[in-house]
Protein chains: 2
Amino acid sequence: MKYKHARLSIQDTMDVVGGKWKLILIFVLFDGKKKFNELTREIGISPRVLSKELHELEVNGLIKRRVCDTKPVTVEYSLAPYSESLKDVIVALCKWGEAHRENIIAGKFDMSPKSKSIL
Amino acid sequence: MKYKHARLSIQDTMDVVGGKWKLILIFVLFDGKKKFNELTREIGISPRVLSKELHELEVNGLIKRRVCDTKPVTVEYSLAPYSESLKDVIVALCKWGEAHRENIIAGKFDMSPKSKSIL
DNA sequence: ACAACCTGTTACCTAAAGGATAGTAATAAC
DNA sequence: GTTATTACTATCCTTTAGGTAACAGGTTGT
């Protein structure tokens, strides 16, 4: 079992950025800092889940949380420098999803997979 | 919302290869074809789940299933050519997980994330 | 006083993912 | 006839992810 180490690396990555929202959040934050409510509205995530995801991303050093003393208080979430390291991952996933979608449209499958990005 | 399309691509990819096992299976199959029981033993997955994951991967054109007429019957699972397209994704995830692990070991985090690949 | 707005939290619930265990069907070996 | 091997299915169960809804705490505006 010589490649066990690589397998664990994949699993580690999935532990940190897996799930429905984490990569999406990071991707959206590449566009610039956002407030809590902007995020809920922009990606359609419930506040409960958003709060949890943001906290986990913060623990893993991927985003920064800054409380602004506006009235009422707002909180800015932005990418920590460490998120730069995820660019390759995000680009790879993004490219593949796009290519996959085109393959589906072109009818290159015997069976019938589904794609969210086909309207 | 100019980048919505890219977001959907990411979600599509996660739909196809997300979850606990799919990428691991593909990664392991890069090593060559394997039989059902070899896979259960090698990665420690229950037969029920393995069967489901393999079928889903097959539907998405990522692996091939070949029944050999040995006695007793054996079934060979191997990568379909389409899996080649996932190499970038796997490499990116693998690299990041490894780098992340090193960052944790080096103590570059305020809080304390965990890593499977640290013994 | 009252509503409106922001960032959350809390409690509750459902659905899906995944795991444990046993069993089936075919064949062959002992 | 019993046991073993292979590739599964079937059944049951636990855990986790994620969603809904309500509300708290603070502040500003009416």
Side-chain angles (χ1 to χ4, degrees), chain A residues 7-8 10-29 33-60 62-78 113-114 116, chain B residues 7-8 10-29 32-60 63-78 113-114 116:
Chain A
R7 265 171 48 200
L8 293 174
I10 295 175
Q11 288 179 318
D12 277 347
T13 305
M14 296 301 277
D15 283 350
V16 176
V17 296
K20 189 168 176 182
W21 295 115
K22 298 215 174 65
L23 279 172
I24 301 296
L25 281 168
I26 291 171
F27 176 76
V28 166
L29 287 174
K33 48 188 156 199
K34 313 254 177 187
K35 323 245 160 172
F36 191 88
N37 276 2
E38 288 183 299
L39 289 170
T40 64
R41 281 191 285 263
E42 200 153 333
I43 69 178
I45 187 177
S46 72
R48 189 192 97 89
V49 176
L50 178 59
S51 176
K52 204 197 73 196
E53 302 286 287
L54 288 171
H55 184 250
E56 286 170 13
L57 288 171
E58 203 192 351
V59 166
N60 284 298
L62 290 165
I63 63 172
K64 272 184 309 197
R65 180 180 188 273
R66 189 180 139 248
V67 180
C68 316
D69 64 344
T70 51
K71 311 296 174 61
V73 160
T74 55
V75 182
E76 253 178 30
Y77 292 94
S78 58
K114 274 143 199 156
K116 284 207 173 68
Chain B
R7 266 172 46 200
L8 292 174
I10 294 175
Q11 289 179 317
D12 277 347
T13 305
M14 296 301 277
D15 283 351
V16 177
V17 295
K20 189 169 176 181
W21 296 113
K22 297 215 174 62
L23 280 172
I24 301 297
L25 281 168
I26 291 171
F27 176 77
V28 166
L29 286 173
K33 48 187 156 201
K34 314 256 176 183
K35 324 245 159 172
F36 191 89
N37 277 1
E38 286 182 301
L39 288 170
T40 64
R41 280 191 284 263
E42 201 154 331
I43 70 180
I45 186 178
S46 74
R48 189 191 95 88
V49 177
L50 177 59
S51 176
K52 203 198 72 194
E53 302 286 287
L54 287 172
H55 184 250
E56 287 170 12
L57 289 171
E58 203 193 349
V59 166
N60 284 298
I63 63 172
K64 273 185 308 194
R65 180 180 186 273
R66 187 178 143 250
V67 179
C68 316
D69 64 343
T70 51
K71 310 296 176 62
V73 160
T74 55
V75 182
E76 252 178 31
Y77 292 94
S78 58
K114 274 145 199 153
K116 285 208 171 69

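Numbers restart at 1 for each chain; the letters A, B, ... are given by sequence-line order, proteins then strands.
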Rounding to a whole Å, what distance do you find between [X]:[atom1] and [N]:[atom2]?
{"X": "A/Ile45", "N": "D/dA17", "atom1": "CD1", "atom2": "P", "result": "13 Å"}
{"X": "B/Lys71", "N": "D/dA4", "atom1": "NZ", "atom2": "C1'", "result": "16 Å"}
{"X": "A/Leu50", "N": "D/dA17", "atom1": "CG", "atom2": "P", "result": "16 Å"}
{"X": "B/Lys22", "N": "C/dG18", "atom1": "NZ", "atom2": "C1'", "result": "11 Å"}

Where the side chain of A/Pro72 is concerned, which of D/dG19, C/dC5, C/dG19 is the nearest nucleotide? C/dC5
Residues in side-chain hydrogen bond (donor to acceptor under 3.5 Å, both in side chains) with B/Glu56, at least two apart?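 Testing B/Glu56 for side-chain hydrogen bond (donor to acceptor under 3.5 Å, both in side chains), a comparison that skips the adjacent residues, returns B/Lys22.
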OP1 or OP2 of D/dG19 less than 4.0 angstrom from a side-chain nitrogen or oxygen of A/Lys20, does that happen here? yes
Heavy-atom donor-acceptor pair, B/Thr40 side chain to B/Asn37 backbone, under 3.5 Å: yes
Under the side-chain contact (heavy atoms from CB on, under 4.5 Å) test, residues paired with A/Val49 that sit two or more places apart: A/Trp21, A/Ile45, A/Ser46, A/Glu53
List the atom of A/Leu25, the atom of A/Leu50, and the distance in Å for their closest heavy-atom pair.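 Looking at all heavy atoms of both residues, the closest pair is CD2-CD1, 3.8 Å.
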Polar atom pairs between nucleotides 7-13 of chain C and protein, under 3.5 Å, N or O only, would you list them?
{"from": "C/dT7", "atom 1": "OP1", "to": "A/Phe36", "atom 2": "N", "distance (Å)": "3.4"}
{"from": "C/dT7", "atom 1": "OP2", "to": "A/Asn37", "atom 2": "N", "distance (Å)": "2.9"}
{"from": "C/dT7", "atom 1": "OP2", "to": "A/Asn37", "atom 2": "OD1", "distance (Å)": "2.9"}
{"from": "C/dT7", "atom 1": "OP2", "to": "A/Asn37", "atom 2": "ND2", "distance (Å)": "3.0"}
{"from": "C/dG8", "atom 1": "OP1", "to": "A/Arg65", "atom 2": "NH2", "distance (Å)": "2.1"}
{"from": "C/dG8", "atom 1": "OP2", "to": "A/Tyr77", "atom 2": "OH", "distance (Å)": "2.5"}
{"from": "C/dT9", "atom 1": "OP2", "to": "A/Ser51", "atom 2": "OG", "distance (Å)": "2.3"}

Looking at B/Lys33 and B/Glu76, does any basic side-chain N land under 4.0 Å from a carboxylate oxygen? yes
